[in-house]
There are 2 protein chains.
Amino acid sequence: MRIGELVKQSGISPDTVRFYERNGLIRSLPSATETNSYRNYPEEALERLAMIKQAQQAGFSIAEFSQLIERIEGPSVDFFDADQFLQQKIDEIQERMKQAKAFLKMLKATKAALSAHMD
Amino acid sequence: MRIGELVKQSGISPDTVRFYERNGLIRSLPSATETNSYRNYPEEALERLAMIKQAQQAGFSIAEFSQLIERIEGPSVDFFDADQFLQQKIDEIQERMKQAKAFLKMLKATKAALSAHMD
DNA sequence: GTTAACAATGGACCATTGTCAATGGTTTTG
DNA sequence: CAAAACCATTGACAATGGTCCATTGTTAAC
């Protein structure tokens with residue numbers, strides 16, 4: 001699939017897709033049938049883009065996501081290293097979610113207090 | 001309390017504290033007893049800094065946090081407006097956490113799959 | 001009372017995460 | 001085949017969230 005199609009289906013701008021690719025978050029394969037200079041994306045690219053969105057919402061930076069990709073599908077996977085990396089990131093996200101949860105709770109309490117004021 | 005004390009107790013750099021203050025996230029009171037040009041922070045500043053951290057982990061930008069502050073403790077609070085603002089932010093954070101959760105789940109699954117490989 | 005430590009301000013600088021515009025090549029459509 | 005639509009590359013620009021530095025003022029310690 002060409003970038004235009006990917007853009008249409010994902011809602012992400014072509015510039016952003018190319019930006020992600022430059023940074024190793026997504027890959028395009030050279031087309032088997034065509035010999036142009038157009039990027040050719042596999043179907044999985046869509047899921048990958050969705051995954052990037054999720055990672056960002058979880059507080060991952062592009063650099064971190066790129067490291068993740070390298071570790072889990074790069075050549076010569078170092079299992080121990082990958083395992084350690086994953087565990088660390090899992091911990092970080094859990095901590096972040098804890099903090100976010102506390103903030104959310106506070107917002108809700110604030111809203112409730114406000115509502116009580118409103119009558 | 002002066003900025004140095006706040007910095008010591010919060011672990012946040014003085015530049016960052018002043019940056020936050022410039023952007024309306026925190027306020028210093030003119031000291032009642034002293035007549036210098038030093039910032040004077042109330043005890044609550046510490047909690048405020050902690051709250052800023054939480055908000056950031058929840059994906060809040062500085063601008064959003066500043067708007068929040070204005071709404072809940074600014075002069076002439078518009079209850080309806082504040083209520084709507086809070087609800088919207090609550091929804092956004094919940095959506096973000098949903099995505100983050102999905103990502104976390106995927107990381108855990110990836111780690112489990114990796115572990116299975118390791119023996 | 002003078003030095004050391006602390007604080008304020010202004011402005012430059014930095015990384016991150018995109019976005020835009022210009023220019024030129026490729027494909028598709030009519 | 002000519003025009004419109006699509007794509008690539010390069011490099012500039014922008015917003016966000018700080019950080020650093022130089023200069024100057026203030027306070028505290030010796």
Side-chain angles (χ1 to χ4, degrees), chain A residues 1-42 45 48-69 92 96 99-100 103, chain B residues 1-42 45 48-69 89 92 96 99 103:
Chain A
M1 139 173 53
R2 303 226 271 237
I3 201 171
E5 188 60 25
L6 189 61
V7 158
K8 211 183 303 175
Q9 289 188 44
S10 69
I12 293 174
S13 87
D15 274 325
T16 300
V17 171
R18 284 187 287 253
F19 171 73
Y20 286 163
E21 188 163 356
R22 269 203 304 289
N23 286 279
L25 274 56
I26 193 174
R27 233 172 308 169
S28 61
L29 322 162
S31 164
T33 59
E34 301 181 75
T35 111
N36 56 27
S37 57
Y38 287 5
R39 284 177 177 78
N40 185 269
Y41 294 99
R48 175 59 62 90
L49 288 177
M51 192 171 148
I52 293 172
K53 264 188 194 166
Q54 288 184 350
Q56 286 178 327
Q57 302 294 291
F60 253 49
S61 72
I62 281 179
E64 281 173 321
F65 192 86
S66 155
Q67 286 167 30
L68 173 68
I69 294 307
E92 286 174 12
R96 226 172 264 146
Q99 299 263 313
F103 184 65
Chain B
M1 129 176 59
R2 303 225 271 237
I3 201 169
E5 188 59 25
L6 190 60
V7 159
K8 212 183 302 177
Q9 289 188 44
S10 70
I12 293 175
S13 87
D15 274 326
T16 300
V17 172
R18 285 187 287 251
F19 171 74
Y20 286 163
E21 188 164 357
R22 270 202 305 288
N23 286 278
L25 273 55
I26 195 174
R27 234 172 307 169
S28 60
L29 321 162
S31 163
T33 59
E34 302 182 74
T35 109
N36 56 26
S37 57
Y38 287 4
R39 286 178 177 76
N40 185 270
Y41 295 99
R48 174 60 62 90
L49 288 177
M51 191 171 149
I52 294 172
K53 262 188 193 165
Q54 288 185 349
Q56 285 179 326
Q57 302 295 291
F60 253 48
S61 71
I62 280 178
E64 282 173 321
F65 192 86
S66 156
Q67 286 166 33
L68 173 68
I69 294 308
K89 295 309 168 188
E92 285 173 13
R96 227 172 265 145
Q99 300 262 314
F103 185 65

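Letters go in sequence order (proteins before strands), and every chain restarts at 1. Keep in mind it's a predicted model, so treat the numbers as computed, not measured.
Just one residue in the list A/Val17, A/Ile12, A/Asn40 forms a side-chain contact (heavy atoms from CB on, under 4.5 Å) with A/Leu6, and that residue is A/Val17.
Between B/Glu5 and B/Lys8, some side-chain heavy-atom pair lies under the 4.5 Å cut-off.
Within residues 48-67 of chain A, no residue has a heavy atom under 4.0 Å from DNA chain D.
Atom C1' of nucleotide C/dT19 and atom CD1 of A/Ile12 are separated by 14 Å, given to the nearest angstrom. Atom CG of A/Asp15 and atom C1' of D/dA8 are 11 Å apart (whole Å). Atom-to-atom, CG of A/Asn40 to C1' of D/dA8 comes out at 15 Å; the value is rounded to the nearest Å. Atoms CZ (B/Phe19) and P (C/dG10) sit 16 Å apart, rounded to a whole Å. Rounded to whole Å, the distance from CG on B/Asn23 to P on D/dG18 is 10 Å. At whole-Å resolution of the value, CD in A/Glu5 and P in C/dT28 are 13 Å apart. The CG-P distance, from B/Leu25 to D/dG17, rounds to 9 Å in whole Å. Atom CZ in B/Arg18 sits about 6 Å away from atom C1' in C/dA7, given to the nearest Å.
Phosphate proximity of C/dG25 to A/Ser37: absent, as no side-chain N or O sits under 4.0 Å from OP1 or OP2. For B/Tyr20, no side-chain nitrogen or oxygen approaches OP1 or OP2 of D/dG17 to under 4.0 Å.
When every heavy atom of A/Val7 is checked against every heavy atom of A/Ser13, the shortest pair comes out as CG2-C, 3.9 Å. Smallest separation of non-hydrogen atoms from B/Ile26 and B/Arg48: CG1-CG, 4.0 Å.
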Enumerate all atom pairs, one protein N or O and one N or O from nucleotides 3-6 of chain D, separated by less than 3.5 Å.
residue : atom : partner : partner atom : Å
D/dC6   : O2   : A/Tyr38 : OH           : 3.0

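From B/Leu29, atom CG reaches atom CE of B/Met1 across 10.5 Å, with rounding to the nearest 0.5 Å. Distance check, rounded to the nearest 0.5 Å: CD of A/Gln9 to OH of A/Tyr41 gives 13.5 Å.
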May I have the list of side-chain donor-acceptor pairs in residues 62-69 of chain A shorter than 3.5 Å, sequence neighbours left out?
residue : atom : partner : partner atom : Å
A/Glu64 : OE1  : A/Ser61 : N            : 2.9
A/Glu64 : OE2  : A/Lys89 : NZ           : 2.9

What side-chain donor-acceptor pairs closer than 3.5 Å can you find for residues 50-60 of chain B, not counting sequence neighbours?
residue : atom : partner : partner atom : Å
B/Gln56 : NE2  : B/Tyr20 : OH           : 3.4

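For B/Arg18, the side chain to side chain contact (heavy atoms under 4.5 Å, CB included) test picks out B/Ile3, B/Pro14, B/Asp15, B/Arg22, B/Arg39, with sequence neighbours left out.
Here the side chain of A/Arg39 is nearest to one of D/dT26, C/dG18, D/dA8, namely D/dA8.
Axis orientation changes by 0° from one end of the helix from C/dG1-D/dC30 to C/dG30-D/dC1 to the other, with each end axis drawn from 5 pairs and the value rounded to 10°.
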